[in-house]
Structures are given as structure tokens and as C-alpha cells.
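What follows is a set of notes on a single structure, which appears directly below.
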Amino acid sequence: MKELILASRSPRRRELLQKCGIPFTADAADLDETINPDNPLQEEIQALSFRKAEAVLKRHPDAIVIGSDTIVTIHGEVLGKPHDHEDAKRMLRELSGTTHEVITGLCILSDRRNYQTVTVNQVSFFPLSEEEISSYVESGEADDKAGAYGIQGLAARYVKSIEGDFYSIMGLPVSLVYEELKNRNSY
């Protein structure tokens, strides 16, 4: 049975992959994660997920590698990871009282097979006060998260509704990974 490797250093993705009940190791792909906002975002996020998996597969050619990436977008603007607390506050102000998209790309790659997909999810936030925004940013939870929030943490209290897959919004479509890896022998 081929070793399964998660091409990520994200603790959230590790936690989510554990829900599949399949042993794995993590080995992050160190590459430029810049996407071209002039290209269709779904294609860009899918290509980035593939590049992550491909980079790790080169180091582990006999393994099955999972690459994934998530972006938040609103009104055509990609909200990446905040540069600092002021940037996080700016992002949360933009998300306040609106609906935004969370796009997650997934690639499961081996020397024999290449599975790729993208999930697009809608998240609506209640209006946020400046006090709520400041309090959330000061909690540290906004750091290092696309769109400056983690839906699974304190930000859950701001979510009015979601359309799509909760785990994809967190960063890894668990059920898609599980369903694909049920046929691990094809990899």
C-alpha cells in the first residue's frame, strides 16, 4: 500500500484528513503560492493544488500526495492571508453583512493517477461591529487564514449561513478525499 502524504503544513488540513481514518504523513510543498487574479479563480486554485501535490510527489515518487488550497473572494477580490492586524480588520469589514465565496482546490496525485476537483461554497456573515472585529483580530485567530477568519473557531458566531461543504470551507473536502481514496489501489 502506497504511503499517503498531505502536501501542507496546515494544522487544520491535518485535523481534517485524520477524519478520513487513513494514516498519513505531512510534507509541505515550499513553492510560490501566488495566483493570477486575471485568470478564472477556480482554475488558479486548482492549478495551485496540483503544483503543491506535484512538488511533494517529486520528493516521494512512490506515494499518493494530497494537495489543497483555499481562497476567499468577495466582489471579485481575493482575500488572502492578512499581512497584519490592520489588514485582517479591513478584510473582516468587507465580509461584514455580506455573502462571499470560499473556493477550495483538491488534487490527489500519484505516478499512476491524477484526481482534481474544486468546490465553491457561499458563506454569509451577519453585520459585524468594530468592537467585534477588533476583538476577533486580537484573539489571534485571524492570523494566517484566508479571508482573516476560521469558520470552525470563534468566527462561527458571525456566520449567518453557508451553502456548500463545511469542511471545504475549513480547507479540505473530507468526503471527497475519503470517496476518492476508497479506491486507493488505483493509485
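Here the structure is a predicted model, which is why all the values come from computation and not from measurement.
Side-chain N or O atoms of Gln46 include none that pairs as donor or acceptor with a backbone N or O of Gly105 at under 3.5 Å. A donor-acceptor pair under 3.5 Å is absent between the side-chain atoms of Gln116 and the main chain of Phe50, judged by distance alone. The backbone N or O of Asp87 sits less than 3.5 Å from a side-chain atom of Asp84, completing a donor-acceptor pair. Judged by distance alone, the side chain of Asp69 and the main-chain N or O of Ser49 form no donor-acceptor pair under 3.5 Å. Formation of a donor-acceptor pair under 3.5 Å by the Ser139 side chain with backbone atoms of Tyr136 is found in this model. Side-chain N or O atoms of Ser134 include none that pairs as donor or acceptor with a backbone N or O of Glu131 at under 3.5 Å. For Lys145 (side chain) and Glu141 (main-chain N/O), a donor-acceptor pair under 3.5 Å exists by modelled atom type. In this structure, Thr104 contributes its side chain and Ser168 its backbone to a donor-acceptor pair below 3.5 Å.
Not a single ring pair (Phe, Tyr, Trp, His ring centres under 6.0 Å) links His60 to another residue, sequence neighbours left out.
Using a 4.5 Å cut-off on side-chain heavy atoms (C-beta onward), Gln122 and Ile162 make no contact. Between Leu92 and Tyr158 there is no side-chain heavy-atom pair separated by less than 4.5 Å. In this structure, the side chains of Arg93 and Ser96 stay at 4.5 Å or more apart for every pair of heavy atoms. Side-chain contact check for Leu6 versus Val65: every heavy-atom pair is 4.5 Å or farther apart. Inter-residue side-chain proximity for His85 and Asp143 is flagged as met; some heavy-atom pair is nearer than 4.5 Å. Between Leu176 and Ile108, every side-chain heavy-atom pair lies at or beyond the 4.5 Å cut-off. In this structure the side chain of Phe24 reaches within 4.5 angstrom of the side chain of Arg14, judged on heavy atoms. Proximity of Leu17 to Ile66: side-chain heavy atoms (C-beta onward) are separated by under 4.5 Å at one or more points.
Atom CG of Leu48 sits about 9.0 Å away from atom OG1 of Thr34, to the nearest 0.5 Å. Remark: Thr73 OG1 to His100 NE2 distance equals 9.5 Å, nearest 0.5 Å. Atoms CZ and OH, on Arg13 and Tyr167 in that order, are 15.5 Å from each other to the nearest 0.5 Å.
At least one cation-pi condition fails for Arg112 and Tyr187: the charged atom is not both under 6.0 angstrom from the six-membered ring centre and inside a 45 degree cone around its axis.
Note on Arg90 versus Glu94: salt bridge recorded, some NZ/NE/NH1/NH2 to OD/OE distance being below 4.0 Å. The pair Asp111-Lys2 meets the salt-bridge criterion, with a side-chain N (NZ, NE, NH1 or NH2) lying under 4.0 Å from an Asp/Glu carboxylate O.
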- Task: Could you walk me through whether Lys52 and Asp27 pass the salt bridge (charged side-chain N to carboxylate O under 4.0 Å, His left out) test, one step at a time?
- Result: CA-CA 10 Å; Lys52 287 180 173 183; Asp27 183 11; over 6 Å; no
- Please step through side-chain contact (heavy atoms from CB on, under 4.5 Å) for the pair Ile22 and Arg184, ending with a clear verdict. CA-CA 11 Å; Ile22 302 168; Arg184 242 174 123 174; 3.2 Å; yes
- Evaluate the side-chain contact (heavy atoms from CB on, under 4.5 Å) criterion for residues Leu95 and Leu79: first the C-alpha distance (whole Å), next the side-chain angles of each, then the deciding distance (0.1 Å), finally the verdict. CA-CA 10 Å; Leu95 299 176; Leu79 302 181; 3.7 Å; yes
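A side-chain donor-acceptor contact under 3.5 Å links Asn39 and Glu44.
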